[in-house]
Amino acid sequence: MTTSTLSFSLTKVEESRIHEIDWENLAFGKSFSDHMFLMDYKNGEWQKGTIMPFQPIPMHPAMSAIHYGQSIFEGLKAYKTIDGKVSIFRPNMNAKRFAESAERMCMPAVPTEIFLEAIRQLVELDKNWVTDKPGFSLYIRPFLFATDEFVGIKPAETYKFMVITSPVGVYYNEPVRVKIEENYTRASKGGVGRAKAAGNYGASLYPAKQCQLQGFHQLIWTDAVEHKYIEESGTMNVMFQIGGTLITPSEDSDTILRGVTKKSVIEIAHKWGIPVEERKVSVEEIISAARNGTLEDAFGVGTAATIAQIAVIGYRDELLNLPSLETRTISNKIKSYMDAIKTGKEKDEMGWNLIV
Ligand SMILES: *Cc1c(COP(=O)(O)O)cnc(C)c1O
């Protein structure tokens, strides 16, 4: 990549809006920092990127992303370290996944160097928005969508790659209640479940709403064919602990999103000698373990919450309570360790942090 491609044009805000933020009552994803990144794709190539004040973008009513859904995104976070620096957690993994999602959706991939540099420069400029309040971070949302002004189904020829950032606090403030879903499906073999494609989330809202009406936070998705095997929990990957072993659905099917958090948890477990099994996980196995008290832990893993421990699993008419949080030593330890790496309290031995 030549340096001219990586030198973006820059327009700064005249005055920061940061004083408008109510840090005590910060809702997830509703406030946005001062600047955003925008880069157009046309005539078969990426144009010069721009960092500019956060603002609405004009939109043609025939814009193809709205009509046919060529739209993908990523989610990652920047943290304030104890020595006052800002660090971004494993952004290269998001760059790779973004390119994979783009390929599946017939969109031009954003070159890794541009993806990383856009995020780095944007976060550096808005670094005041990364607070050192415990549990807080700056959520980074890169996204790519088709912008052809054309009502006709074909891969678009023009796109916008954008990055916006949002200061966020704790995602869930209580352990979650999940329901095993045996009717609706998130992803099927040959589909787009592995891609972080916008339509996957639109499709999940109705089933999620049904379970929320029954008092749950989220669904546990099962396979589309038999609803016998566990795949994910809401928009997070899912892990279980039985007999001191971490168990998680394997990623060889294309129905499971390949999470950075899950990969990191597995790498920490390997480092600490905690056994991990990545394989098919049946609903039956998890439910019988929960019934006979051998299910030691269950938790969702994803960027928004890092580790979201599950308190209750709903299965058909049954409500299964999981052990109290204090007994969940492995997930508690891994969560604290990951938080400590991100904030520089623990040495970043695996080289996960990108210091801005
Ligand atoms: C983003 C996402 C995850 C978690 O991925 P992370 O990289 O850990 O944030 C898991 N499942 C789905 C469906 C997702 O969209």
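Here the structure is a predicted model, which means the values were calculated and not measured. Note that ligands are numbered from 1 as they come in the structure, with each ligand's atoms numbered from 1 the same way.
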Ionic contact status for Glu100 with Arg258, cut-off 4.0 Å: no
Whether over 12 other heavy atoms sit under 6.0 Å from Lys42 NZ: no
Protein contact of atom 1 (C) of ligand 1 - nearest heavy atom, named by residue and atom, plus distance: Lys196 NZ, 1.4 Å
Leu257 contact mode with ligand 1 (heavy-atom cut-off under 4.0 Å): side chain
Test applied, side chain to side chain contact (heavy atoms under 4.5 Å, CB included); reference residue, Ile140; option that passes from Asn94, Thr303, Val123, Ile164: Val123
Atom 9 (O) of ligand 1: the protein heavy-atom neighbour that sits closest, reported with distance to 0.1 Å: Thr303 OG1, 2.6 Å
For Gly259, the ligand 1 atoms whose distance to one of its heavy atoms is below 4.0 Å: 5 (O), 6 (P), 7 (O), 8 (O)
Asn94 N/O under 3.5 Å from ligand 1 N/O: no
Under 3.5 Å: N/O of Arg186 near N/O of ligand 1: no
Donor-acceptor contact below 3.5 Å, side chain His35 vs main chain Val13: yes
Whether Arg104 side chain and Arg194 backbone form a donor-acceptor pair below 3.5 Å: no
Within-cut-off N or O pair, Arg258 and ligand 1, under 3.5 Å: no
Heavy atom of the protein closest to atom 11 (N) of ligand 1 (residue, atom name, distance): Glu232 OE1, 2.5 Å
Parallel, tilted or perpendicular: ring planes of Phe161 versus Phe98, cut at 30 and 60 degrees: tilted
Ligand-residue contact atoms, ligand 1 with Tyr201, heavy atoms, under 4.0 Å: 13 (C), 14 (C), 15 (O)
Side-chain donor/acceptor of Asp148 to backbone N/O of Phe150, under 3.5 Å: no
Atom 3 (C) of ligand 1: nearest protein contact (heavy atom, Å): Thr235 O, 3.3 Å
Shortest protein heavy-atom distance from atom 8 (O) of ligand 1, along with the residue and atom involved: Thr261 OG1, 2.6 Å
Expected output: side-chain Asp34 to main-chain Arg17 donor-acceptor under 3.5 Å: yes
Per-atom contacts, ligand 1 versus Arg97 - under 4.0 Å to a heavy atom: 5 (O), 6 (P), 7 (O)
